[in-house]
There are 2 protein chains.
Amino acid sequence: MSRHETSGHEAKRELFDAFASVAKVLSSGRRAEIVDILAQGERPVDDISREIDQTIANTSQHLQQLLRAGLVKSRRDGTRIYYSLSGTAVSRLWAAVRDVAAEHVAKLDELATSYLGDRSALTTMTRTEVYERIGSGDLVVIDVRPEAEFRAGHIAGATSVTLKELEKWLDELPNDRLIVAYCRGPYCVFADNAVRTLSRHGFKAARLEEGYPEWKEAGLPVEAKTDLPGHDRAS
Amino acid sequence: MSRHETSGHEAKRELFDAFASVAKVLSSGRRAEIVDILAQGERPVDDISREIDQTIANTSQHLQQLLRAGLVKSRRDGTRIYYSLSGTAVSRLWAAVRDVAAEHVAKLDELATSYLGDRSALTTMTRTEVYERIGSGDLVVIDVRPEAEFRAGHIAGATSVTLKELEKWLDELPNDRLIVAYCRGPYCVFADNAVRTLSRHGFKAARLEEGYPEWKEAGLPVEAKTDLPGHDRAS
DNA sequence: CGAGTATTCAACTATCTACTTGAATACGGC
DNA sequence: GCCGTATTCAAGTAGATAGTTGAATACTCG
């Protein structure tokens with residue numbers, strides 16, 4: 001069974017290697033974490049390295065791999081270099097990876113529970129439920145992601161309340177309205193913890209089932225930092 | 001910057017490693033080819049090994065990796081073992097990978113042209129265009145994939161005409177109706193070649209923009225082999 | 001211009017991966 | 001039960017990959 005014979009086979013191999021190169025760049029857990037973070041909006045290198053708990057040098061190298069593969073782009077602003085996903089197709093790919101894992105990876109539930117804790121006691125709401133009630137005013141939406149992500153873009157009308165600030169805010173939050181917390185996506189801990197804390201203090205609280213990227217992708221209203229044009233440096 | 005410290009970080013690492021394991025299994029061009037084939041329907045090992053031009057042993061090992069990751073399932077029928085995708089989420093993931101590659105991988109156009117040839121002269125039709133005209137009878141739809149794939153499932157009303165058979169069929173095909181050829185997906189050569197051959201012989205011919213998996217995923221009418229239940233062996 | 005900070009580069013190591021080869025196992029038909 | 005075919009297993013090798021460390025580059029601010 002000889003390989004490398006006809007140019008047709010060779011060309012097919014190369015084409016599918018190119019498809020595979022896209023998957024390959026997502027085949028490291030650390031790069032997956034990076035994509036999950038960048039799905040929230042652009043971030044500088046040192047910020048990302050802290051989030052994924054890796055050295056700056058290592059984080060930088062992961063980012064270059066993502067750059068070379070075309071999944072992210074970078075722009076310089078003064079001394080900092082901001083990375084961001086190169087398009088919504090990348091967000092959709094990341095969601096597709098999570099979907100397959102959720103459906104077909106045997107031990108995923110176990111790993112998710114080990115990271116997120118028991119979710120059975122938490123009330124959840126879908127995008128549409130939140131969107132429909134957000135106008136009526138009987139709902140308070142809080143964004144519990146790191147502030148940088150809130151600044152890069154958030155659900156229209158949401159307030160930034162990080163977990164550290166949450167304790168201080170307990171006096172100011174309304175007792176008579178439902179508080180909906182959201183964060184990065186279906187496997188993000190922040191919202192879970194916020195809802196647990198709020199429930200413990202007697203508030204009515206729920207978690208948005210998914211996160212900001214899915215809300216934005218669905219075309220629901222957001223408030224986003226306008227990307228400064230002309231500074232981009234594509235892959 | 002110490003790693004492996006809090007159990008929270010450890011659990012997050014493991015969760016994202018699990019997501020990454022899904023991408024990892026698609027990070028080989030040969031496994032990507034396998035998924036592209038299995039998206040058409042179930043196939044036995046030796047069949048797949050011929051398609052991807054690899055030894056049976058190597059193909060088997062790739063299939064086990066896909067199996068372990070949960071992307072495919074297998075069932076035994078006598079002496080043969082048939083592999084198939086474990087769900088539609090996997091098809092969607094494969095499509096998402098191709099989309100990202102098409103949009104963001106720099107040299108993809110070049111590789112695609114090198115494999116498929118110049119497509120600028122080929123007429124293409126979308127799913128909906130074909131579906132709307134398929135009933136009116138002024139259209140002949142031919143399936144130019146290997147016959148095994150046609151047998152596993154095809155567009156309702158399509159006829160199987162492999163490239164080898166095409167020359168013989170030239171007398172029987174109608175001169176007054178548009179002939180639409182389709183195959184595996186947007187990067188499949190068979191339909192391109194069929195349309196070129198037909199055009200050269202004076203037929204009106206067009207290529208369906210995408211392939212059978214996308215048609216099926218869109219919920220359009222298909223004729224598929226009913227999956228024998230009770231014989232499945234999940235991941 | 002010089003100091004300070006953010007990021008990238010380069011060299012190195014331990015581990016993993018794809019593919020090969022040859023043998024082992026599992027089933028169907030006689 | 002034995003033979004032929006389909007598939008898997010096991011061992012080996014060349015090449016790739018993630019992470020470390022320390023130095024180099026690129027920009028800002030005084």
Side-chain angles (χ1 to χ4, degrees), chain A residues 1-5 9 13-14 16-17 20-21 23-34 38 42-69 72-84 148 231 233 235, chain B residues 1-5 9-10 13-14 16-17 20-21 23-34 42-69 72-84 148 231 233 235:
Chain A
M1 192 153 289
S2 60
R3 232 122 287 114
H4 313 296
E5 73 285 51
H9 268 128
R13 273 176 47 114
E14 285 178 23
F16 279 80
D17 282 349
S21 73
K24 185 174 231 157
V25 88
L26 274 179
S27 73
S28 139
R30 255 27 67 217
R31 285 195 293 272
E33 287 190 55
I34 291 175
L38 294 185
E42 64 169 20
R43 297 293 281 283
V45 181
D46 66 327
D47 231 7
I48 298 167
S49 93
R50 234 170 292 115
E51 290 275 1
I52 69 172
D53 192 29
Q54 297 286 309
T55 63
I56 292 187
N58 191 21
T59 303
S60 172
Q61 289 179 141
H62 279 307
L63 285 166
Q64 322 250 340
Q65 286 193 56
L66 287 161
L67 196 60
R68 258 178 272 133
V72 308
K73 59 185 199 286
S74 67
R75 77 180 174 91
R76 175 157 229 145
D77 183 16
T79 172
R80 281 201 161 76
I81 292 181
Y82 288 83
Y83 282 86
S84 55
H231 284 252
R233 185 180 94 199
S235 86
Chain B
M1 193 153 288
S2 59
R3 235 123 285 113
H4 312 294
E5 74 284 51
H9 268 126
E10 186 60 29
R13 272 177 47 116
E14 286 179 21
F16 278 81
D17 283 348
S21 73
K24 184 175 233 156
V25 88
L26 274 179
S27 74
S28 140
R30 255 27 67 215
R31 285 195 293 273
E33 288 191 54
I34 292 175
E42 62 168 21
R43 295 296 281 283
V45 180
D46 66 328
D47 232 8
I48 299 167
S49 92
R50 235 171 291 116
E51 291 276 0
I52 68 172
D53 191 29
Q54 297 286 311
T55 62
I56 293 188
N58 192 21
T59 305
S60 172
Q61 288 178 143
H62 279 308
L63 284 166
Q64 321 250 340
Q65 285 192 57
L66 287 161
L67 196 60
R68 257 178 271 131
V72 309
K73 59 184 198 285
S74 67
R75 78 179 174 91
R76 175 156 228 147
D77 183 14
T79 169
R80 280 200 162 79
I81 292 180
Y82 289 83
Y83 282 86
S84 55
H231 284 251
R233 184 179 96 202
S235 86

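Because only heavy atoms are used, hydrogens play no part in the values below, and waters and symmetry mates are left out as well, while side chains stay in. Each chain gets a letter, A, B and so on, in the order its sequence line appears, and its residues count up from 1. As the structure is a computational prediction, the values presented were derived from the model and not from experiment.
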Checklist entry - Will you find, in the side chains of B/R30 and B/H62, an N or O donor that is under 3.5 Å from an N or O acceptor? => result no
Checklist entry - Is it true that a side-chain atom of B/T59 and a backbone atom of B/T55 form a donor plus acceptor pair closer than 3.5 Å? => result yes
Checklist entry - Is any side-chain N or O of B/Y83 closer than 4.0 Å to OP1 or OP2 of D/dT8? => result yes
Checklist entry - Quick one: does A/D46's side chain get under 4.5 Å of A/R80's, heavy atoms only? => result yes
Next on the checklist: C/dC19, OP1 or OP2 - any side-chain N/O from B/H62 closer than 4.0 Å?
Outcome noted: yes
Next on the checklist: Test side chain to side chain contact (heavy atoms under 4.5 Å, CB included) on B/L63 and B/I81; report intermediate values, then the result.
Outcome noted: CA-CA 11 Å; B/L63 284 166; B/I81 292 180; over 6 Å; no
Item to check | Gap between atoms CG and P, on A/D17 and C/dC19 respectively (whole Å) | outcome: 9 Å
Checklist entry - Judged by atom type as modelled, is there a donor-acceptor pair below 3.5 Å linking the side chain of A/R76 to the main-chain atoms of A/G78? => result yes
Checklist entry - Can you tell me if B/R31 uses its side chain to pair, donor with acceptor, with the backbone of B/V25 under 3.5 Å? => result yes
Checklist outcome for this item: When rounded to whole Å, the CZ to P distance for the pair B/R30 and C/dT20 reads 11 Å
Next on the checklist: What is the distance, to the nearest angstrom, from the CD1 atom on B/I56 to the P atom on C/dC19?
Outcome noted: 15 Å
Item to check | B/D53 and B/E51: CA distance, side-chain angles, deciding distance, side chain to side chain contact (heavy atoms under 4.5 Å, CB included) verdict | outcome: CA-CA 6 Å; B/D53 191 29; B/E51 291 276 0; over 6 Å; no
Next on the checklist: Rounding to an integer number of Å, can you tell me how far B/D46 CG sits from C/dC27 P?
Outcome noted: 17 Å
Checklist outcome for this item: Given protein heavy atoms under 4.0 Å, the one-letter contact record of nucleotides 21-28 of chain D, with B base, S sugar-phosphate only and - none, is simply BB---SSS
Item to check | Whole-Å distance separating the CG atom of A/D47 from the P atom of C/dT5 | outcome: 17 Å
Item to check | Validation row: A/Q61, A/Q65 side chains within 4.5 angstrom (heavy atoms) | outcome: no
Tabulate protein N/O versus nucleotide N/O from nucleotides 14-17 of chain D, keeping only pairs under 3.5 Å, one per line.
from   : atom 1 : to    : atom 2 : distance (Å)
D/dT17 : OP1    : A/K24 : NZ     : 3.3

Checklist entry - When the distance from CZ of B/R80 to C1' of D/dA6 is rounded to whole Å, what number comes out? => result 7 Å
Checklist entry - A/R68 CZ to C/dT8 P: how many Å, rounded? => result 11 Å
Item to check | Worked check of salt bridge (charged side-chain N to carboxylate O under 4.0 Å, His left out) between A/R75 and A/E42 | outcome: CA-CA 9 Å; A/R75 77 180 174 91; A/E42 64 169 20; 2.6 Å; yes
Next on the checklist: I need the CD-C1' distance between B/Q64 and D/dA6, as an integer number of Å.
Outcome noted: 13 Å
